[in-house]
Protein chains: 2
Amino acid sequence: MKNTIRVERAKLEISQQELAEKVEVSRQTIHSIERGKKTPSVELAIRMARYFKIPVEELFIIE
Amino acid sequence: MKNTIRVERAKLEISQQELAEKVEVSRQTIHSIERGKKTPSVELAIRMARYFKIPVEELFIIE
DNA sequence: TCATTATGTAAATAATAGTTTACATTTGGT
DNA sequence: ACCAAATGTAAACTATTATTTACATAATGA
């Protein structure tokens, strides 16, 4: 599974740290999800997608 | 977080067992997610939503 | 160069998701 | 009432996510 977190962050010009604060997880959590090392819960995924104002399916793509 | 799995299952008239097979997890996993005891990974959530042909955000609702 | 901010890596731990098995209860049909 | 299928509950176990801390390495600007 891949994701577009990095691109979405770039659009808004926010750091992993800032995103982490916005969705209320640690920076490491954002980091490992962004790098595809971990898969978030649907709850966290929804919070992230909601923050970026895009559908979950656009932020996380199953290949 | 609540979900509409039961309603979606009802629409298609399929059992927890059948859904479990479709998305390739155990019936217990479906059961505990449906009852809100566990939160699925975004990957499983996407598989379920895809199967029901609805957005993830419609299947899982953060209150 | 120096300081600062952002990102990468790693490792130990806690918390939670998902599996498996087994049995109880409910529901619907005959 | 009986049978079968569906659903509920539970417990032990494994796998994975998320936290925390710490340090290394870019990258950027003063």
Side-chain angles (χ1 to χ4, degrees):
Chain A
M1 203 186 52
K2 68 190 187 74
N3 69 77
T4 60
I5 299 171
R6 182 158 282 245
V7 198
E8 294 303 324
R9 275 204 305 113
K11 286 184 193 167
L12 303 187
E13 294 184 65
I14 60 162
S15 65
Q16 295 177 340
Q17 180 63 52
E18 287 175 284
L19 176 56
E21 282 159 13
K22 292 297 184 180
V23 299
E24 292 177 304
V25 287
S26 68
R27 179 179 71 86
Q28 284 316 311
T29 296
I30 297 297
H31 181 258
S32 48
I33 292 170
E34 181 170 308
R35 297 227 108 208
K37 301 208 170 187
K38 296 196 176 160
T39 305
S41 65
V42 68
E43 184 162 349
L44 177 51
I46 291 174
R47 290 211 302 276
M48 295 174 95
R50 188 178 281 180
Y51 175 75
F52 289 130
K53 297 186 168 58
I54 61 174
V56 168
E57 289 86 346
E58 260 180 51
L59 194 56
F60 296 95
I61 299 109
I62 299 179
E63 55 256 20
Chain B
M1 203 185 53
K2 67 188 185 75
N3 68 77
T4 59
I5 299 171
R6 182 160 283 251
V7 195
E8 294 303 324
R9 274 203 307 112
K11 285 185 194 168
L12 303 187
E13 293 185 66
I14 59 163
S15 65
Q16 294 177 341
Q17 180 63 52
E18 286 176 284
L19 175 56
E21 283 160 13
K22 293 296 183 181
V23 299
E24 291 176 306
V25 287
S26 69
R27 179 180 70 88
Q28 284 317 311
T29 297
I30 297 297
H31 180 259
S32 49
I33 291 170
E34 183 171 306
R35 296 228 108 207
K37 301 207 169 188
K38 298 198 175 157
T39 305
S41 65
V42 68
E43 183 160 349
L44 176 50
I46 291 174
R47 290 210 303 274
M48 295 174 94
R50 187 178 282 180
Y51 175 74
F52 288 130
K53 296 187 169 58
I54 62 175
V56 168
E57 289 86 345
E58 260 178 53
L59 194 55
F60 297 95
I61 298 110
I62 299 179
E63 56 256 22

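All values below come from the heavy atoms of this structure, side chains included, with hydrogens, waters and symmetry mates left out. Chain letters run A, B, ... following the sequence lines, proteins first and then strands; every chain starts at 1. Since we're looking at a predicted model, the values are computed, not measured.
- Rounded to whole Å, atom C1' of C:dA14 lies 12 Å from atom NZ of A:K38.
- Residue-level contact check: B:S32 touches neither bases nor backbone, having no heavy atom under 4.0 Å from any strand.
- Heavy atoms of B:R27 sit under 4.0 angstrom from at least one base atom.
- The side chain of B:Q28 lies closest to C:dT20 when the candidates are C:dA10, D:dA18, C:dT20.
- For the atom pair CD1 of A:I33 and CE of A:M1, the computed distance is 8.5 Å after rounding to the nearest 0.5 Å.
- Residues B:R6 and B:Q16 have side chains in contact (heavy-atom distance under 4.5 Å, counting atoms from C-beta outward).
- Side-chain contact between B:V42 and B:V56 is absent, with no heavy-atom pair separated by less than 4.5 Å.
- If A:T39 and B:H31 are placed on DNA chain D by their nearest nucleotide, the residue sitting closer to the 5' end is B:H31.
- Taking atom CG of residue B:L44 and atom C1' of nucleotide D:dT16, one finds them 13 Å apart after rounding to whole Å.
- Side-chain contact between B:Y51 and B:L12: present, with at least one pair of heavy atoms (C-beta onward) separated by less than 4.5 Å.
- Protein atom CZ of B:R9 is 9 Å distant from nucleotide atom C1' of D:dA6, rounded to whole Å.
- The structure places CG of B:L19 at 4.5 Å from CE of B:M48, a figure rounded to the nearest 0.5 Å.
- Across all strands, B:Q16 comes closer than 4.0 Å only to sugar-phosphate atoms, never to a base (heavy-atom distances).
- Residue B:R6 has its side chain nearest to D:dT7 when only C:dT21, D:dT7, C:dT7 are considered.
- To the nearest 0.5 Å, atoms CZ (B:R27) and CD (B:E34) are separated by 10.5 Å.
- Between the axis at the start and the axis at the end of the helix from C:dT1-D:dA30 to C:dT30-D:dA1 there is an angle of 50°, using five pairs per end and rounding to 10 degrees.
- Distance from the side chain of A:T29 is smallest to D:dA18 among D:dA18, D:dT20, C:dT7.
- In this structure, B:R35 places its CZ atom 12 Å from C1' of C:dT26, rounding to the nearest Å.
- Computed from coordinates, the A:E21 CD to D:dA18 P distance equals 18 Å when rounded to whole Å.
- Not one side-chain nitrogen or oxygen of B:S41 sits closer than 4.0 Å to the OP1 or OP2 atom of D:dT16.
- Contact check for A:K11 versus A:E8: side-chain heavy atoms found under the 4.5 Å cut-off.
- As rounded to whole Å, 12 Å separates atom P of D:dG8 from atom CD1 of B:I5.
- B:S15 comes within 4.0 angstrom of the backbone, heavy atoms only, and of no base.
- We find that CD1 of B:I30 is positioned 17 Å from C1' of D:dT9, with the value rounded to whole Å.
- Here C:dT19 presents its P atom at 8 Å from CD1 of B:I33, a figure rounded to the nearest Å.
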